[in-house]
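What follows is one structure encoded as structure tokens, with my remarks underneath.
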Amino acid sequence: MTVDAPLRLDNLLQRIASDAFESCFGSALDAHSISIQKTRSEFPGDRTLVCFPLSRMSKAAPDATAQRLGEAMVSAEGPVVGFNVVKGFLNLEIQPDYWGSWLKTEAADAGYGRRPAGSAPHVMVEYSSPNTNKPLHLGHLRNNFLGHSVSRILEAMGHTVTKVQIVNDRGIHICKSMVAWQRMGNGETPESAGMKGDKLVGKYYVAFDQAYKAEVAERKAAGMADDEAEKGAPILVEAQETLRRWEQGDEETVALWRTMNGWVYTGFDETYATMGVEFDKLYFESDTYLIGRERVLEGLERGVFERSEDGAVWVDLTGDGLDRKLLLRGDGTAVYMTQDIGTALLRFQDYEDLDRQVYTVGNEQEYHFKVLFLVLAKLGFQQAERCHHLSYGMVELPEGKMKSREGTVVDADDLMAEMFSIARDIAREAGKLDGLDEKDQQAVFQRVGLSALKYFLLKVDPKKNMMFDPKASIDFYGNTGPFILFNYVRGRSVLRKADAEGHGNFETQEMAIPASDEMELIGLIHDLPDVIQEAALTYNPSLVANWCYDLTKAYSSYYQDHSILGAEEEETRVLRLTLTERFTRSLHTGMNLLGIELPERM
RNA sequence: GACUCUGUAGCUCAACUGGAUAGAGCACCUCACUACGGAUGAGGAGGUUGAGGGUUCGAAUCCUUCCAGGGUCGCCA
């Protein structure tokens with residue numbers, strides 16, 4: 001058989017089935033309309049062709065159709081060597097040799113599962129995008145891990161990916177921290193306080209809130225109406241004035257703003273480094289909100305938007321089933337949408353070949369992005385229809401939502417540190433790292449701890465809300481990152497030992513024909529390209545996570561049942577070692593797409 | 001109220017997009033093995049897929065009506 005690109009088994013079977021159908025029943029079948037699926041384990045066979053939909057065209061009962069089709073497929077040239085029919089299901093047996101040679105050749109490719117870099121359009125992925133007034137928390141972890149993983153998945157599909165964030169560095173929130181620091185800070189800095197910069201600024205944000213509440217209570221006690229007491233509290237007024245001074249470019253205000261944001265960035269950088277995520281370019285709201293205003297006014301001139309009597313600019317989306325939406329206030333100041341329009345257009349300008357943007361943002365902003373993409377389309381960007389809001393659900397705690405006021409926010413740094421510490425305790429007990437120095441051990445604890453966290457947050461379908469039960473999430477057994485790592489490490493250990501014992505040249509040796517449990521493992525490895533493609537199409541890393549787990553479980557069971565190095569026959573050992581090598585490598589690829597680094601020992 | 005997402009074992013999650021007897025992990029019970037790394041494997045029990053109706057050879061999946069929960073509907077971000 002001569003094919004340039006590796007032909008996927010299912011496509012091959014569709015082609016054979018289509019030809020077979022025509023020779024049996026006279027009419028041609030569209031190969032894509034033939035549904036091929038994995039055979040359930042309780043029936044003999046590897047692939048199943050569902051014949052119910054075909055019976056109309058064959059003018060025969062489903063079983064009869066399946067029977068004749070099966071016979072024709074076996075006698076055709078190709079990998080089908082047997083079949084059985086259960087009701088309308090045609091179970092096909094694939095030649096074990098087909099699996100064996102596939103494992104030996106195509107699965108050996110260094111880039112197996114990945115498409116060539118640059119073979120798909122340029123995509124921008126935005127994630128993280130925090131406010132600069134408080135530290136990153138559990139919700140940000142889900143956001144960052146998702147965005148980072150989707151970036152890797154798109155890269156594996158051949159896309160050029162640019163990872164960005166929009167830093168929400170301006171507005172009333174940071175002004176609140178600034179005012180509180182001025183009033184109560186006594187010149188405190190991250191150095192003098194011995195505190196990460198983001199934590200320090202967060203501390204003053206909390207201090208602001210407390211001072212504000214105290215003022216409101218005091219004013220109410222003095223007999224003031226609720227509304228007046230809340231809106232006119234001096235510290236709040238001061239924050240609003242600070243914001244106005246900032247917008248006017250007041251030097252002292254801007255200098256403090258720059259200083260305190262700088263502290264935050266240093267703190268964030270440390271957190272991102274620990275998390276293992278990175279960005280190619282940062283966008284700042286303070287740079288883009290003015291651009292947004294210009295672009296909206298341009299759109300107004302071109303008649304895409306409309307102006308109301310008070311001078312505000314609106315977009316009318318009633319024709320798209322939505323509402324009218326404000327783009328610019330009557331006094332000319334920007335709203336959230338204004339700056340997002342500016343940011344999006346700036347990005348298309350920065351990268352002219354950009355095919356689309358992916359926004360990793362919580363599901364409470366779904367409406368916002370619907371509007372944004374419609375606005376971009378109205379401004380004439382064809383990329384708008386390919387832009388995607390990677391919407392994800394909230395991370396909930398057993399006691400409910402995270403509330404900063406109630407102190408139930410799970411801090412990202414604290415959580416990661418806790419995971420590392422648990423990893424250390426378990427590893428010390430196992431005692432497998434005794435030969436390593438302190439620094440290398442620490443690196444392993446971090447990988448193991450982080451794998452637990454990342455896998456836990458990524459294995460759930462992004463669009464669903466998920467429960468973060470601290471007790472369950474730090475589990476290192478069962479369906480967890482560390483379980484997957486453990487089996488990887490074990491496989492690697494066997495390969496090292498094979499090398500040391502002189503069995504390292506298995507790639508060039510004759511290999512036994514796989515039996516059924518081996519074919520199951522090969523089948524899982526064979527799925528990888530489809531899993532990656534589906535994950536990329538749906539922006540859904542959980543598909544990759546679940547594949548990693550299924551593969552690992554199958555290997556773990558196989559490892560339990562068979563001694564790899566202790567195989568009686570040389571050809572059997574070659575098969576088991578080859579399987580182990582392909583398992584570790586394809587698992588490495590899959591986990592890498594989740595942003596999870598694999599250790600060599602743990 | 002309108003729109004939207006979700007509802008699957010006691011708990012946390014799957015289910016190849018309409019296929020066969022709905023699967024994993026945790027917790028519970030029973031086993032296996034000096035194990036090439038036990039951070040293991042095998043088995044048991046646990047389900048009217050929120051409820052009703054419909055579509056068809058076939059529904060957790062599609063349509064419809066309810067029920068419950070989340071989210072959105074700001075000149076907030």
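Order of the sequence lines fixes the chain letters, A, B, ..., with proteins taken first and strands second; residue numbering starts at 1 for each chain.
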Does a donor on one side chain sit under 3.5 Å from an acceptor on the other, for A:Thr48 and A:Asn91?
yes
So, A:Gln560 and A:Tyr555: side-chain donor and acceptor under 3.5 Å apart, yes or no?
no
Inter-nucleotide [atom1] distance ([N], [M]), Å rounded:
N     : M     : atom1 : result
B:U8  : B:G47 : C1'   : 8 Å
B:C73 : B:C26 : C1'   : 40 Å
B:A20 : B:C28 : C1'   : 31 Å
B:C16 : B:C31 : C1'   : 33 Å
B:G19 : B:G58 : C1'   : 7 Å

For [X] and [N], give me the distance from atom [atom1] to atom [atom2], rounded to whole Å.
X        : N     : atom1 : atom2 : answer
A:Arg47  : B:C16 : CZ    : P     : 15 Å
A:Asp323 : B:U72 : CG    : P     : 17 Å
A:Lys325 : B:U72 : NZ    : C1'   : 10 Å

Now, which nucleotide makes the Watson-Crick or G-U wobble pair with [N], with each of the two distances under 3.5 Å?
N     : result
B:A2  : B:U72
B:U56 : none
B:A51 : B:U65
B:U40 : B:A32
B:A14 : none

Between [options], which one does the side chain of [X] approach most closely?
X        : options             : result
A:Lys553 : B:A24, B:A77, B:C5  : B:A24
A:Lys463 : B:C5, B:A39, B:G70  : B:C5
A:Val460 : B:U40, B:A14, B:G19 : B:A14

Aromatic stack [X]/[N]: centroid gap under 5.5 Å, interplanar angle under 30°:
X        : N     : result
A:Phe476 : B:A39 : no
A:Tyr367 : B:U4  : no
A:Phe89  : B:G19 : no

Output yes when at least one side-chain N/O atom of [X] is less than 4.0 Å from OP1 or OP2 of [N], else no.
X        : N     : result
A:Lys459 : B:G25 : no
A:Lys464 : B:A14 : yes
A:Ser493 : B:C36 : no
A:Arg329 : B:C76 : yes

Would you say that A:Pro130 contacts A:Gln165 through its side chain, given a criterion of any heavy-atom pair below 4.5 Å between the two side chains?
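Yes - at least one pair of side-chain heavy atoms lies under 4.5 Å apart.
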Quick one: closest heavy-atom pair of A:Met157 and A:Ala536, and the distance?
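For A:Met157 and A:Ala536, the tightest heavy-atom pair comes out as CG-CB, 3.4 Å.
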Heavy atoms under 4.0 Å, any strand shown: does A:Arg40 hit a base, just sugar-phosphate, or nothing?
base
How is A:His503 classified with respect to the nucleic acid when contacts are heavy atoms under 4.0 Å: base, sugar-phosphate, or nothing?
nothing
For the side chain of A:Asp550 and the base of B:A15, is some donor closer than 3.5 Å to an acceptor across the two?
no
Should the side chain of A:Thr48 and the base of B:A20 be counted as holding a donor-acceptor pair, with the cut-off at 3.5 Å?
yes
Would A:Arg490 count as a cation-pi partner of A:Tyr559, with NZ or CZ less than 6.0 Å from the six-membered ring centre and within 45° of the ring normal?
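Yes, a cation-pi geometry.
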Result of checking A:Asn505, A:Val494, A:Asp499 against A:Leu577 for side chain to side chain contact (heavy atoms under 4.5 Å, CB included):
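One option only clears the test, and that one is A:Val494.
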With syn defined as a glycosidic torsion within 90 degrees of 0 and anti otherwise, which applies to B:U12?
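This nucleotide is in anti.
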How about A:Tyr359 and A:Phe369: are their ring centroids closer than 6.0 Å?
yes
Mapping A:Phe486 and A:Asp310 to their closest nucleotides on RNA chain B, which lands nearer the 5' end?
A:Phe486
Between A:Ile172 and A:Ser557, which is nearer to the 5' end of RNA chain B once each is assigned its nearest nucleotide?
A:Ser557
